[in-house]
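Structure record follows, encoded as structure tokens.
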Amino acid sequence: MTHLISPSLLSADFGNLQRDIEMINNSEADWFHLDIMDGMFVPNISYGFPIIQLVKKHAKKPLDVHLMIVDPDRYIDDFHKAGADILTVHYEACNHLHRTIQKIKSLGMKAGVSLNPHTPVHLLKDIIADVDLVLIMSVNPGYGGQKFIPNAIEKIKELKQLISDKKSNAIIEIDGGVDNTNAKTIIDAGCDALVAGSYVFKSKNQLETIKGLKNLEF
Ligand code: DX5
Ligand code: ZN
């Protein structure tokens, strides 16, 4: 499969959100990446259900929802009702990850687990067969526009091996600091999906920027 592109709305213009949603609808992007931050798991607070519902109303592509919140079990039903298609929780935020993953899947959503930069891939050994997606953080979560942490490349390779060893169907997504300087290296390492926020929304021609990421032509 060709790799997927999931532009992060965190860097969108919230005064013109519908315009930015339509831009993604009309682009070569595959998903909408929505970053939910609670001011506890990460220092920042982003947005909540009214925004997700608005995106769902206009989006013609799946919503890839990345929860950076403590104890996400409290809200799984609500994110489902708001329109999440893929729901990713942080490994570091779950006491009973297996139960959380089963709950997400029981509602018909794809279940993802995300690893912070300090969290080793091998900790997924006993859950990898159950998850649909692993989101490798290539920045410390909380803000857009940070610098890519190169160690993420090694983590992708290690994860690819673990997925194969365990005969998992999980796909690998990367999030943080993705741009034209590293996208090809990331895909060559075995990654399946690229999240990009500031690189897309701060560019002059957003459609062309997404096209570049999709076709790895810069
Ligand atoms: C960071 C978020 C990212 C963020 C990426 O905590 O999870 O999705 O929007 O932004 P960029 O691509 O600007 O690093
Ligand atoms: Zn994210």
Side-chain angles (χ1 to χ4, degrees), residues 3-14 17 20-21 23-24 27 29-48 51-52 55 59 61-70 72 75 79 82 84-93 109-119 131-153 155-156 171-187 191-204 206 209-210 212-214 218:
H3 64 276
L4 306 170
I5 307 297
S6 191
S8 167
L9 289 175
L10 193 63
S11 296
D13 176 356
F14 281 78
L17 190 52
D20 286 359
I21 295 166
M23 184 279 292
I24 296 178
S27 77
D30 300 275
W31 295 341
F32 287 75
H33 187 82
L34 284 81
D35 289 299
I36 311 302
M37 306 179 181
D38 66 353
M40 294 289 287
F41 182 71
V42 288
N44 199 6
I45 296 177
S46 58
Y47 52 79
I51 296 283
I52 303 173
V55 177
K61 299 171 181 183
L63 303 197
D64 167 32
V65 179
H66 174 195
L67 299 185
M68 286 158 276
I69 66 174
V70 295
Y75 294 109
F79 284 108
D85 296 285
I86 303 153
L87 195 62
T88 296
V89 297
H90 265 263
Y91 177 89
E92 305 84 2
M109 296 180 284
K110 299 280 184 203
V113 59
S114 183
L115 299 181
N116 274 336
H118 71 275
T119 305
V131 301
D132 298 300
L133 178 150
V134 178
L135 178 62
I136 300 273
M137 290 310 301
S138 41
V139 296
N140 286 292
Y143 303 94
Q146 302 183 81
K147 203 170 169 302
F148 184 82
I149 299 171
N151 184 54
I153 300 292
K155 289 177 84 167
I156 292 170
I171 68 166
I172 305 174
E173 184 176 33
I174 198 151
D175 187 4
V178 173
D179 62 20
N180 57 330
T181 67
N182 50 34
K184 194 167 185 315
T185 313
I186 293 166
I187 297 300
C191 190
D192 304 294
L194 303 175
V195 176
S198 52
Y199 176 62
V200 168
F201 285 101
K202 295 209 185 320
S203 68
K204 286 216 174 65
Q206 299 169 349
T209 303
I210 291 172
L213 284 173
K214 184 73 181 174
F218 304 105

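Order of listing sets the numbers, starting from 1, for every ligand and every atom in it. Computed from a prediction, not measured in an experiment: that's the story for all the values here.
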Neighbour count >12 (heavy atoms, 6.0 Å) for atom OH, Tyr75: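 Not buried by this count: 12 neighbours or fewer within 6.0 Å.
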Atom NZ of Lys110: over 12 foreign heavy atoms under 6.0 Å: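 No, NZ of Lys110 has 12 or fewer neighbouring heavy atoms, counting only those of other groups under 6.0 Å.
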Polar atom proximity, [X] to ligand 1 (N or O, under 3.5 Å):
| X | value |
| --- | --- |
| Asn140 | no |
| Ser11 | no |
| Gly197 | yes |

Between Ser6 and Asp64: side-chain donor-acceptor atoms closer than 3.5 Å: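 Yes - a donor-acceptor pair under 3.5 Å links their side chains.
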Considering only heavy atoms of [X], which atoms of ligand 1 have at least one such atom less than 4.0 Å away?
| X | answer |
| --- | --- |
| Met37 | 6 (O) |
| Gly176 | 14 (O) |
| Tyr143 | 1 (C), 6 (O) |
| Ser198 | 11 (P), 12 (O), 13 (O) |
| Ala196 | 12 (O) |
| His66 | 7 (O) |
| Pro141 | 6 (O) |
| Leu10 | 9 (O) |

Answer yes or no: is there a side-chain heavy-atom contact under 4.5 Å between [X] and [Y]?
| X | Y | value |
| --- | --- | --- |
| Asp132 | Ile171 | no |
| Phe148 | Ile174 | yes |
| Pro7 | Ile210 | yes |
| Ile51 | Leu9 | no |
| Val200 | Ser11 | no |
| Trp31 | Ile5 | no |
| Val65 | Thr88 | no |
| Phe79 | Ile36 | yes |

Count of N, O or S atoms belonging to protein, less than 2.8 Å from the Zn ion (ligand 2):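 My tally for this metal is 4.
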Any donor-acceptor N/O pair, Asp38 side chain to Val70 backbone, under 3.5 Å: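 A pair under 3.5 Å: yes.
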Asn182 side chain vs Asp179 backbone, donor-acceptor pair below 3.5 Å: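 The answer is yes, because a donor-acceptor pair under 3.5 Å joins these two groups.
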Ring pair (Phe, Tyr, Trp, His ring centres under 6.0 Å) partners of Phe41, counting only residues at least two apart: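 His90.
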Looking only at protein heavy atoms, which one is nearest to [atom], and how far off is it?
| atom | value |
| --- | --- |
| atom 10 (O) of ligand 1 | Gly144 CA, 3.5 Å |
| atom 6 (O) of ligand 1 | Gly142 N, 2.8 Å |
| atom 11 (P) of ligand 1 | Gly145 N, 3.7 Å |
| atom 14 (O) of ligand 1 | Gly177 N, 2.8 Å |
| atom 9 (O) of ligand 1 | Ser8 OG, 2.8 Å |
| atom 2 (C) of ligand 1 | Asp35 OD1, 3.3 Å |

Approximate separation, where rounding is to 0.5 Å, of Met137 CE and Asn116 CG: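 Spacing of CE (Met137) from CG (Asn116) equals 7.0 Å.
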Selected option - heavy-atom contact closest to atom 8 (O) of ligand 1, from Val139, Thr88, Asp175: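 Residue with the shortest heavy-atom distance to the ligand atom: Asp175.
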Verdict with reasoning, Glu173 to Asp175, per side-chain contact (heavy atoms from CB on, under 4.5 Å): CA-CA 7 Å; Glu173 184 176 33; Asp175 187 4; 5.7 Å; no
Under-4.0 Å heavy-atom contact with ligand 1, by part of Tyr199 that carries it: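 Neither; nothing of Tyr199 gets under 4.0 Å from ligand 1.
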4.0 Å heavy-atom contact, Phe148 with ligand 1: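 No; Phe148 lies far enough from ligand 1 that no heavy-atom distance drops under 4.0 Å.
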